[in-house]
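Okay, so here's the structure we're looking at.
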Amino acid sequence: MLPLTRTLPADAFCSSSRQSRTSAAVKVEALCKRYDTNTPNIFSDVSFSIGTGESVAIIGPNGAGKSTLLKCCVRLLDPDSGSVFFNDQCLTTMTARDLRRFRSRIGFVFQKHQLISGLSALSNVLHGSLAGRPGPRGWTRHLAGRQTCEQAMHCLELVGLSEVAQRPVGRLSGGQSQRVAIARALMQSPALLIADEPTASLDPQASEALMGLLRDLSTKSGITLLFVSHELRHATDYADRVLGLSGGTLQLDRASSSLCLNELQDFFTLEKYRVAS
Ligand SMILES: Nc1ncnc2c1ncn2[C@@H]1O[C@H](COP(=O)(O)OP(=O)(O)OP(=O)(O)O)[C@@H](O)[C@H]1O
């Protein structure tokens with residue numbers, strides 16, 4: 001098996017020790033977003049920062065704007081105002097070209113995993129390596145390269161799926177498919193992994209396994225993790241910090257070690273966990 005550090009660039013990692021975190025991987029300042037000029041803001045004045053290698057959960061009621069916030073963080077959607085910095089680089093003013101290069105270092109795992117069901121798990125993972133490549137010239141040669149295939153197999157091994165590498169994704173279970181999506185994201189050697197409800201539609205056992213896998217990637221490989229979950233226990237068990245979005249503002253920003261499940265449940269009914277200014 002290839003060592004993880006061989007396949008991912010050195011600057012994608014901090015030291016595996018969480019104590020060594022010093023810099024903010026992601027810094028969000030006063031972000032506002034609305035979809036339509038005639039409608040109120042989805043959220044306003046949202047600010048937070050995430051340390052390199054930190055794992056952060058976003059919770060909040062349906063429609064609070066969690067997915068919108070994730071998308072604004074990586075400019076899949078443009079915020080109306082505010083700034084987002086990634087390793088001190090300002091995304092909000094980046095050119096399209098720089099943005100493409102920047103996104104190639106971010107892995108996305110969505111609720112609907114957006115895999116190609118007729119292709120094998122391996123082929124789907126291989127396509128992750130195309131992110132950020134100015135194609136399509138050279139894509140075929142790149143995909144067929146021995147080193148690329150080895151790297152894709154290694155990513156499948158990391159998520160425990162090497163045995164089904166040749167099976168079409170359409171014949172995999174929901175949990176397996178979600179792990180293929182993670183392997184595809186890992187092909188990008190991500191410094192940041194963004195997951196929007198990655199365990200939606202998975203059974204409790206598969207959910208725990210998937211969250212454990214994400215946490216391991218963060219703790220062992222120093223990948224910064226930002227995920228949305230409706231499972232409050234996932235926030236307390238698998239994140240270092242919990243952000244709570246509700247009523248158009250960020251109302252909670254606390255270390256998960258200082259939160260208990262009951263407090264998080266209260267978050268949905270009370271507004272007593274305002275971020276200290
Ligand atoms: N493309 C869009 N155009 C207009 N409105 C949108 C669009 N996408 C989302 N919205 C609205 O923005 C609000 C926030 O949606 P978003 O999906 O970000 O919330 P969420 O907190 O992720 O919700 P859920 O927990 O249900 O997934 C909702 O009212 C939604 O209807």
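Given the structure is predicted, the values throughout are model-derived calculations rather than measurements. One-based numbering, in listed order, for ligands and for the atoms of each.
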Protein contact of atom 24 (P) of ligand 1 - nearest heavy atom, named by residue and atom, plus distance = N62 ND2, 3.6 Å
query = Which heavy atom of the protein is the closest neighbour of atom 1 (N) of ligand 1, given with residue, atom name and distance?
reply = Y35 CE2, 3.7 Å
Contact check, side chains of H230 and N62, non-hydrogen atoms, under 4.5 Å = yes
task = Taking only Lys NZ, Arg NE, NH1 and NH2, and the carboxylate oxygens of Asp or Glu, determine whether E208 and R215 approach each other closer than 4.0 Å.
result = no
note = For I42, the atoms of ligand 1 under 4.0 Å from one of its heavy atoms are 12 (O), 13 (C), 14 (C)
query = Does the protein put a heavy atom under 4.0 Å from atom 8 (N) of ligand 1?
reply = yes
T92 versus G82, closest heavy-atom pair with distance = CG2-O, 3.6 Å
Donor-acceptor contact present, side-chain Q151 to main-chain T148, <3.5 Å = no
request  = Using the side chain to side chain donor-acceptor pair (under 3.5 Å) rule, take N41 and R34 through it: C-alpha gap first, then chi angles, then the decisive distance, then the call.
outcome  = CA-CA 4 Å; N41 284 352; R34 70 168 70 181; 3.0 Å; yes
Side-chain ion pair, K66 and E197, N-O less than 4.0 Å = no
ask   = Between CD of Q89 and CZ of F102, what distance do you get to the nearest 0.5 Å?
value = 8.0 Å
message = Tell me the protein heavy atom at minimum distance from atom 17 (O) of ligand 1, and give that distance in Å.
response = S67 CB, 3.8 Å
message = Taking 4.0 angstrom as the limit and counting only heavy atoms of P61, give me the atoms of ligand 1 inside it, by number and element.
response = 21 (O)
message = Ring-plane angle category for Y238 and H234, please: parallel below 30°, perpendicular beyond 60°, tilted otherwise.
response = perpendicular
message = Test your reading of the structure: does G60 have an N or O sitting under 3.5 Å from an N or O of ligand 1?
response = no
task = Please write down residue, atom name and distance for the protein heavy atom closest to atom 14 (C) of ligand 1.
result = G63 O, 3.4 Å
Nearest protein heavy atom with distance in Å, relative to atom 19 (O) of ligand 1 = G65 N, 3.2 Å
ask   = For ligand 1, which atoms, with element, lie under 4.0 Å from some heavy atom of K66?
value = 18 (O), 19 (O), 20 (P), 21 (O), 22 (O), 23 (O), 24 (P), 25 (O)
task = Among all protein heavy atoms, pick out the one at the shortest distance from atom 15 (O) of ligand 1; state its residue, atom name and that distance to 0.1 Å.
result = T68 OG1, 3.8 Å
query = Can you find a non-hydrogen atom of E197 under 4.0 Å from ligand 1?
reply = yes
inquiry  = Tell me if a side-chain donor or acceptor on D196 pairs with a main-chain N or O of F110 at a distance below 3.5 Å.
reply    = no
key: atom 30 (C) of ligand 1: any protein heavy atom closer than 4.0 Å   = no
